[in-house]
Amino acid sequence: MRPISYSRADAVADAVAAVAADPTSDFLAGGTTEVDLLRQNVLLPRRLVDINDLPLAQIEDRPDGGLYIGALARMSEVAEAPSVRERFPMVAEALELGASAQLRHMASMGGNMMQRVRCGYFRDAASPCNKRDPGSGCAALDGFNRGHAVLGVGEHCIATHPSDVAVPLMALDARIHTEGPHGRRVYAIDDFFLLPGATPHLEHPLEHGELVVGIEVPGTPMARTSRYLKVRDRESYEFALASVAAAVTLHDGVIADVRLALGGVATKPWRARHAEDVLRGAPAGTGTFRRAAGAEFASARTTPLNAFKVELAQRTMVRILETLTGTGTPSGTETDAAPDTDTHTDPGREGQP
Amino acid sequence: MSAPHVPSRAPAAAVLPERGPEPVKITLSVNGDEHTFDAEPRVSLLDALRERLSMTGAKKGCDQGTCGACTVWVDGRRVLACLTLAIACEGHEVTTIEGLAQGDELHAVQSAFIEQDAFQCGYCTPGQIMSAVALLKEGHDGDDAEIAEWMSGNICRCAAYPHIRAAIRTVRDRSRDPSHGQT
Ligand SMILES: Cc1cc2nc3c(=O)[nH]c(=O)nc-3n(C[C@H](O)[C@H](O)[C@H](O)COP(=O)(O)OP(=O)(O)OC[C@H]3O[C@@H](n4cnc5c(N)ncnc54)[C@H](O)[C@@H]3O)c2cc1C
Ligand code: SF4
Ligand code: FES
Ligand code: FES
């Protein structure tokens, strides 16, 4: 870890000005990404500007039934807030299924939106990585990529976006508020996360020194019964192999409206629009859910090690939709029949452990 | 009213004083006592406690947030000292395992760990205990599944988990019914 210097800001304008004026300064919030990656020599700032004293920790109700969550509200505080638990249970669930109790007390919501990928080659300063060192190549393409993404991938980077809570926020069409050297901006969450494309080192449309100040969650009555389902290698304290945030409303057994987003399988928090299109107006039932899941993964691109995620994620989607609509077979009795899909993956590679 | 729709008038920004990268004077309040020492801003709270203040209770397992051996409290909340910078704790109250006992009298959770045989090598134990006391305060002690989930940030290489849960249950049950299990 290289030496750094340290400043503490108590006003937003000071923090923004300090970082904007110096390409070698970074913001420090909970430090659970920043300090970790400093120690791995992956991030190399000269100075940290501590933003923890800024007055950005509010969790407020909006008149439309929505919320405004300050960037410095901690994951644990947001998960505990009655307004979040009652009106947006999938947000509370995604938070409580992430990291550990200690990390959730430290990690801020703004930092969570800005967290970096967990790709082992990104974290190893000696490996080629286009995200860390643009143009150096991607060691994961032919490396150990079992945890890597199958949606939104390209030739230059296949790292999975690691955030859990960004997944329900994607389903809710949240908006990210920032304050930067050019004033205040508001981004639709889908625009806030960039696909890697040819520039995987660019993850957000932000300028250097642009500070996330808050997250606006629009009022969404259907979210009251929403759920977040996360599948991982161990029961707790682990990132997702596949996760799904979902909210559904039914009218006479027909899906009137649906929100669906995926984690653990894509290079950004992934709104499952193809699946939503299949579901809207269709009768609720396992067959419909399987078709929807198949549609979402039609464009999946896999490697021999991560091809299992296509099947796993589809089953996760089907399971959560069955649970929410009360239509599924009781858990445990479901057969092993594959979803009736024709994903463009090499059939010989499917069914990996 | 929150700021969201108020256009910012960008008041003139103050230039922030900068400390480091060379060692600077850092003052920390740990277990109620103030300590001042020289350290570089990059020094973690864990290294400051262990190397500068000779409080070696908090352990370094992974130094990257994945094991919980370094668990301490900052302002009463359990956090990881390895991913916390010491300098960022100025103005906050740090509590370590050394601050848990009252003189010679162990904290109830410490006693329960001994009673229930909740450790083998003991390396993870200070972190487990700091986490366990916080868990009981947070109220995540309903049943074994809940305890396991809310203790999942503390890894035990010796897999003493069932005994750790038993120790937590013991303290929970005694606090619910003071006459219960008291010998
Ligand atoms: C062991 C471990 C397990 C984890 N497991 C999970 C998990 O299961 N699910 C999950 O979702 N996450 C998980 N995380 C990630 C964790 O949630 C993030 O590290 C955390 O949310 C980052 O927030 P922070 O406040 O600590 O940010 P920091 O580390 O302080 O900052 C992160 C980055 O964002 C920048 N930044 C911080 N705040 C702002 C702001 N307001 N505006 C602009 N830039 C900013 C910083 O400069 C830095 O580059 C895990 C982390 C660890 C270490
Ligand atoms: S997958 Fe992305 S983050 Fe990982 S090595 Fe390749 S370019 Fe780097
Ligand atoms: S040493 Fe801090 S979590 Fe392992
Ligand atoms: S007692 Fe040995 S690591 Fe937990």
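Proteins come first, then strands; the chains are lettered A, B, ... in the order of their sequence lines, and each starts at number 1.
Between the side chains of A/Arg47 and A/Ser5, no donor-acceptor pair of N or O atoms lies under 3.5 Å. Side-chain polar atoms of A/Glu96 and B/His140 form no donor-acceptor pair below 3.5 angstrom.
Of the listed residues (A/Glu34, A/Arg175, A/Arg104), the greatest number of heavy-atom pairs within a distance under 4.5 Å of chain B belongs to A/Arg104. Taking chain A as the reference chain and counting heavy-atom pairs below 4.5 Å, the highest number among B/Cys82, B/Pro17, B/Ala88 is found for B/Ala88. Taking B/Gly68, B/Ser152, B/Ser131 one by one and counting their heavy-atom pairs under 4.5 Å with chain A, the maximum is reached by B/Ser152. Taking B/Thr66, B/Leu85, B/Val74, B/Leu135 one by one and counting their heavy-atom pairs under 4.5 Å with chain A, the maximum is reached by B/Thr66. Chosen from B/Glu22, B/Arg78, B/Glu40, the residue pairing most often with chain A at heavy-atom distances under 4.5 Å is B/Arg78. Taking B/Thr84, B/Thr71, B/Val24, B/Val15 one by one and counting their heavy-atom pairs under 4.5 Å with chain A, the maximum is reached by B/Thr71.
Of the two parts of B/Cys70, neither the backbone nor the side chain holds a non-hydrogen atom closer than 4.5 Å to a non-hydrogen atom of chain A. The contact between A/Leu28 and chain B is made entirely by side chain atoms (from C-beta outward), counting heavy-atom distances below 4.5 Å. Contacts between A/Arg185 and chain B at a heavy-atom distance below 4.5 Å are absent for every atom of the residue. Heavy-atom distances place the side chain of A/Leu48, and not its backbone, under 4.5 Å from chain B. Proximity to chain B is absent for every atom of A/Glu238, based on heavy atoms less than 4.5 angstrom apart. Only the side chain of A/Val49 comes within contact range of chain B, judged by heavy atoms closer than 4.5 Å. Heavy-atom distances place no part of A/Ala11 under 4.5 Å from chain B, backbone and side chain included. Both the backbone and the side chain of A/Asp36 have a heavy atom closer than 4.5 Å to some heavy atom of chain B. Only the backbone of A/Arg2 comes within less than 4.5 Å of a heavy atom in chain B; its side chain stays farther off. In this structure, the portions of A/Arg8 lying under 4.5 Å from any heavy atom of chain B include both its backbone and its side chain. Heavy-atom distances place the side chain of A/Ser76, and not its backbone, under 4.5 Å from chain B.
Annotation: B/Gln102, atom CD; neighbour count of heavy atoms from other residues, nucleotides and ligands within 6.0 Å does not exceed 12. Within a 6.0 Å radius of NE2 in A/His182, other residues, nucleotides and ligands contribute 12 heavy atoms or fewer. Around atom CD of A/Glu207, more than 12 heavy atoms belonging to other residues, nucleotides or ligands sit under 6.0 Å away. Other residues, nucleotides and ligands place more than 12 heavy atoms under 6.0 Å from the CZ atom of A/Arg116.
For B/Arg165 (side chain) and B/Ala148 (main-chain N/O), no donor-acceptor pair under 3.5 Å exists by modelled atom type. Listed for the A/Arg232 side chain is no donor-acceptor partner under 3.5 Å among the backbone atoms of A/Phe239.
Salt-bridge check for B/Glu51 with B/Lys60: failed, with every basic side-chain N at 4.0 Å or more from each acidic carboxylate O. Ion pairing of B/Arg77 with A/Glu80 is absent here, as no side-chain N (NZ or NE/NH1/NH2) approaches a carboxylate O to less than 4.0 Å.
Checked options A/His204, A/His177, A/His161; the residue passing with A/Phe192 is A/His204 (criterion: ring-ring contact (aromatic ring centres under 6.0 Å, His included)).
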